[in-house]
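Remember, it's a predicted structure, so these values are computed and weren't measured experimentally.
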Amino acid sequence: MTAALINVPKKAKAGDIIEIKALTSHVMETGYRHTATGEVIPRDIITSFTCRFEGDEVFRADFFPATAANPFISFFTIASKSGKFDFEWIGDNGFSQTASASITVE
């Protein structure tokens, strides 16, 4: 079972620059390693991360085999109105993780 940790300020003033932090649990196997018997360990990585605010994309990142396990992302955006952030991680082998957090803008 994977887990996502999200840090979004609960409140902000209109026009404030806010920091958003997101982390998900994933082993991130590159596909370049071999077992003791010489078999390739299949690639299993997160390939993309998207953050949307009220349906509009505010941040996106594409990942590649060199990305560390349990990838942590930090980015900034401007608090313009109250609403909900939706986070989505997509990866190999049908991996999908979602989370959400709300903010109140005064």
Side-chain angles (χ1 to χ4, degrees):
M1 181 73 182
T2 60
L5 298 173
I6 304 299
N7 186 320
V8 173
K10 298 242 183 252
K11 292 183 179 182
K13 292 182 182 177
D16 280 356
I17 297 173
I18 59 169
E19 182 177 19
I20 297 174
K21 299 175 184 177
L23 178 138
T24 193
S25 175
H26 193 282
V27 295
M28 300 292 276
E29 183 55 58
T30 66
Y32 299 130
R33 295 187 322 139
H34 295 81
T35 65
T37 60
E39 297 173 33
V40 174
I41 300 172
R43 184 179 111 152
D44 186 10
I45 68 169
I46 295 172
T47 55
S48 69
F49 167 81
T50 306
C51 175
R52 291 180 177 83
F53 180 72
E54 294 296 315
D56 295 326
E57 188 175 290
V58 294
F59 184 85
R60 178 180 191 81
D62 293 325
F63 296 119
F64 299 92
T67 304
N70 307 320
F72 171 77
I73 297 169
S74 174
F75 61 95
F76 296 87
T77 190
I78 297 174
S80 58
K81 62 182 180 179
S82 297
K84 186 172 90 168
F85 289 95
D86 292 307
F87 303 87
E88 181 179 34
W89 293 262
I90 301 293
D92 293 335
N93 305 315
F95 177 83
S96 178
Q97 176 73 33
T98 60
S100 63
S102 296
I103 187 170
T104 300
V105 176
E106 303 168 337

**Report entry** Worked verdict on Glu88 versus Arg52 for salt bridge (charged side-chain N to carboxylate O under 4.0 Å, His left out)
**Finding:** CA-CA 9 Å; Glu88 181 179 34; Arg52 291 180 177 83; 3.7 Å; yes
Requested in this report: Examine Met28 and Phe95 and state if one hydrophobic cluster contains both, with Ile, Leu, Val, Met, Phe, Trp and Tyr joined whenever side-chain heavy atoms are less than 4.5 Å apart.
Outcome: yes
Query raised in the report: Could you walk me through whether Thr35 and Ile41 pass the side-chain contact (heavy atoms from CB on, under 4.5 Å) check?
Result: CA-CA 7 Å; Thr35 65; Ile41 300 172; 3.8 Å; yes
Query raised in the report: Ignoring hydrogens and geometry, is there a side-chain-to-backbone donor-acceptor pair from Glu54 to Lys84 under 3.5 Å?
Result: yes
Query raised in the report: Between CG of Asp44 and CG of Asn93, what distance do you get to the nearest 0.5 Å?
Result: 4.5 Å
Requested in this report: Spell out, as yes or no, whether a donor-acceptor pair under 3.5 Å connects the side chain of Asn70 to the backbone of His26.
Outcome: yes
**Report entry** Side chains of Lys13 and Val105 in contact at under 4.5 Å (non-hydrogen atoms)
**Finding:** no
Query raised in the report: Any side-chain heavy atom of Leu5 within less than 4.5 Å of one from Phe72?
Result: no
Report task. To the nearest 0.5 angstrom, please state how far the CZ atom of Phe85 sits from the CD1 atom of Ile20. Result -> 3.5 Å
Query raised in the report: Any side-chain heavy-atom pair from Phe75 and Cys51 closer than 4.5 angstrom?
Result: yes
Query raised in the report: salt bridge (charged side-chain N to carboxylate O under 4.0 Å, His left out) between Arg43 and Asp92: does it pass, once the steps are laid out?
Result: CA-CA 8 Å; Arg43 184 179 111 152; Asp92 293 335; 2.7 Å; yes
Report task. Would you give the length of the straight line joining atom CZ of Phe53 to atom OG of Ser102, rounded to the nearest 0.5 angstrom? Result -> 8.5 Å
Requested in this report: Count the heavy atoms belonging to other residues, nucleotides or ligands that lie under 6.0 Å from CZ of Arg33, then report whether that count exceeds 12.
Outcome: no
**Report entry** Rounded distance [0.5 Å steps], CD1 in Ile45 versus OG1 in Thr30
**Finding:** 9.0 Å
Query raised in the report: Given side chains that start at C-beta, do those of Ile6 and Val8 come closer than 4.5 Å, heavy atoms only?
Result: yes
Query raised in the report: When rounded to the nearest 0.5 angstrom, what distance separates NZ in Lys10 from CD1 in Ile103?
Result: 10.5 Å
Report task. Begin with the C-alpha distance, continue with both residues' side-chain angles, and end with the deciding distance and a verdict on side-chain contact (heavy atoms from CB on, under 4.5 Å) for Asp86 and Thr98. Result -> CA-CA 7 Å; Asp86 292 307; Thr98 60; over 6 Å; no
**Report entry** Pair Thr50-Glu57, side-chain donor/acceptor within less than 3.5 Å
**Finding:** no
Report task. Could you tell me whether the side chain of Thr47 reaches within less than 4.5 Å of the side chain of Phe63, counting heavy atoms only? Result -> no
Query raised in the report: How about Ile73 and Phe87: do any of their side-chain heavy atoms sit closer than 4.5 Å?
Result: no
Report task. Compare all side-chain heavy atoms of Phe49 with those of Thr24 and state whether any distance is below 4.5 angstrom. Result -> no
**Report entry** Student check: side-chain heavy atoms of Pro65 and Tyr32 closer than 4.5 Å
**Finding:** yes
**Report entry** Point-to-point distance, once rounded to the nearest 0.5 Å, from OG of Ser96 to CD1 of Ile46
**Finding:** 10.5 Å
